[in-house]
2 protein chains.
Amino acid sequence: MTAIDFYFDFASPYGYLASHRIDALAEAHGATVTWRPVMIGPAMEATGAKPLTATELKKAYTLIDVPRLARRWSVPLTLPARFPSATLAAGRAYYWLERSDPVMAKALARALLHRYWGEGEDIAPPEVVIDVAGGLGVDTAALGAALQDTEIKALFKTASEESMARGVFGSPWFLVDDEPFWGFDKLELLEDRLAGRF
Amino acid sequence: MTAIDFYFDFASPYGYLASHRIDALAEAHGATVTWRPVMIGPAMEATGAKPLTATELKKAYTLIDVPRLARRWSVPLTLPARFPSATLAAGRAYYWLERSDPVMAKALARALLHRYWGEGEDIAPPEVVIDVAGGLGVDTAALGAALQDTEIKALFKTASEESMARGVFGSPWFLVDDEPFWGFDKLELLEDRLAGRF
């Protein structure tokens with residue numbers, strides 16, 4: 001069975017858009033998807049890439065491209081007032097939950113992405129992450145403690161470092177049995193690969 | 001009738017790949033395509049983007065991505081030993097020829113892209129550009145003189161500057177009635193647009 005690793009940064013609109021398509025696309029071809037939230041900043045810096053809104057040229061394009069892709073793929077979108085945002089609490093919550101319940105961890109990631117990109121609310125504050133998790137029935141007291149835990153903090157950091165070691169330098173990024181696919185716009189080629197078209 | 005401006009840098013492999021698809025794609029939807037070779041370097045610098053092979057991370061990805069796209073879309077590819085290459089002669093030849101014969105200018109652009117990306121031969125030397133043009137029946141003496149002409153040199157420079165003023169900062173880049181589409185991977189969305197799917 002084909003295994004897909006889906007890398008994304010919670011602060012990436014293209015990662016959010018991809019989160020709405022990758023599982024259904026994989027399932028249609030009998031592939032499985034493991035979600036891997038990361039901090040993509042260091043890898044972007046290594047390639048010279050600046051954040052989407054850091055330069056006027058790229059910002060203008062992004063503000064056209066992201067909303068039209070959301071329309072095209074029927075993904076709810078409210079551009080957050082705060083961008084980019086800190087994703088430490090979200091990433092740590094994901095990896096903490098994944099250890100005991102990978103399915104719920106994916107549901108939490110979806111809910112956090114929805115809060116930030118679907119509703120436009122900043123998810124940097126830990127209390128927002130805890131609120132979103134509570135809405136899914138997660139033990140919020142345990143989560144609150146986990147967000148302060150050195151071991152949990154290391155999990156997210158390590159996941160980000162490992163992604164860079166695997167060549168990941170953008171969000172979203174897909175590894176299909178180790179073959180890299182970069183960007184939301186790469187989903188068509190990824191599907192071509194799963195369908196054996198090349 | 002929908003008008004598409006197709007911006008590309010002769011030194012861009014993704015521009016080359018797009019040159020094999022854009023006209024047929026447009027024609028299927030009753031749109032016209034004007035080719036606009038440019039020097040994309042200054043606009044890339046403005047957004048912080050480095051050349052494809054300037055960093056190890058992006059170079060490794062590019063060396064996977066370009067060949068597989070060529071396979072997927074049946075585009076002949078021989079990675080040039082010299083990359084990136086200087087495109088001054090190619091760009092100047094294009095705009096010189098376009099003034100008298102736009103159809104032939106597009107044929108010349110195709111032939112130059114093929115020489116560089118299809119056969120892997122550097123097209124920086126003016127004599128190579130003249131040789132390619134001669135193979136199409138272009139007046140090589142007139143072209144040789146044009147490549148030294150101040151007015152012709154300005155044409156290519158102006159085209160590049162105008163593209164940046166229109167927000168172009170990557171290759172390939174498409175403006176569909178002023179709506180921007182960036183990258184080879186954007187051709188599916190561009191087709192969605194032409195087909196009225198969103």
Side-chain angles (χ1 to χ4, degrees), chain A residues 14 17 40 42-75 163-170 172-176 178-193 195-198, chain B residues 14 17 40 42-75 163-170 172-176 178-193 195-198:
Chain A
Y14 293 105
L17 291 165
I40 205 63
M44 282 179 63
E45 279 175 33
T47 65
K50 293 178 183 168
L52 293 172
T53 55
T55 66
E56 285 308 312
L57 277 170
K58 193 177 273 191
K59 180 179 180 179
Y61 181 75
T62 301
L63 289 177
I64 293 171
D65 195 40
V66 170
R68 76 179 164 187
L69 286 172
R71 281 196 304 277
R72 168 65 182 88
W73 294 100
S74 304
V75 177
S163 72
M164 194 166 162
R166 293 186 78 186
V168 176
F169 60 86
W173 193 284
F174 311 92
L175 287 174
V176 181
D178 289 329
E179 182 179 350
F181 295 78
W182 172 27
F184 177 82
D185 295 336
K186 215 69 177 178
L187 284 172
E188 278 68 36
L189 189 73
L190 189 157
E191 184 158 31
D192 288 341
R193 165 64 74 214
R197 289 192 197 106
F198 76 103
Chain B
Y14 293 106
L17 291 166
I40 205 64
M44 283 179 63
E45 279 175 32
T47 64
K50 292 179 183 167
L52 294 172
T53 55
T55 65
E56 285 309 311
L57 276 170
K58 193 178 273 191
K59 180 179 181 178
Y61 181 74
T62 301
L63 289 177
I64 292 171
D65 195 39
V66 170
R68 75 179 164 188
L69 286 172
R71 281 197 304 278
R72 168 66 182 87
W73 295 99
S74 305
V75 176
S163 72
M164 193 165 163
R166 293 187 78 188
V168 176
F169 60 84
W173 192 284
F174 310 93
L175 286 174
V176 181
D178 290 329
E179 183 180 349
F181 295 79
W182 171 27
F184 178 84
D185 295 336
K186 217 68 178 179
L187 285 172
E188 277 69 36
L189 188 73
L190 190 157
E191 185 159 30
D192 288 341
R193 165 64 73 213
R197 289 191 197 106
F198 76 104

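Letters go in sequence order (proteins before strands), and every chain restarts at 1. Treat the numbers as computed from the prediction; the structure is a model and nothing was measured.
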Checklist outcome for this item: Checked A:Pro180, A:Gly183, A:Gly167 vs chain B; the most non-hydrogen pairs under 4.5 Å come from A:Pro180
Checklist entry - So which residues of residues 184-191 of chain B are in contact with chain A at a heavy-atom cut-off of under 4.5 Å? => result B:Asp185, B:Lys186, B:Glu188, B:Leu189
Item to check | Considering all heavy atoms, the nearest B:Ala46-A:Leu57 contact | outcome: CB-CD1, 3.9 Å
Item to check | chain B contact via A:Ala60 - which portion, at a heavy-atom distance below 4.5 Å | outcome: neither
Next on the checklist: Check the orientation of A:Tyr61 and B:Trp182. Use parallel for under 30°, tilted for 30 to 60°, and perpendicular for over 60°.
Outcome noted: perpendicular
Item to check | Residue, of A:Arg68, A:Arg197, A:Glu179, that accumulates the most heavy atom pairs under 4.5 Å with chain B | outcome: A:Arg68
Item to check | Flag side-chain contact, heavy atom, 4.5 Å: B:Arg72 against A:Arg193 | outcome: no
Checklist outcome for this item: Most heavy-atom pairs under 4.5 Å with chain A, out of B:Thr47, B:Asp65, B:Leu69, belong to B:Thr47
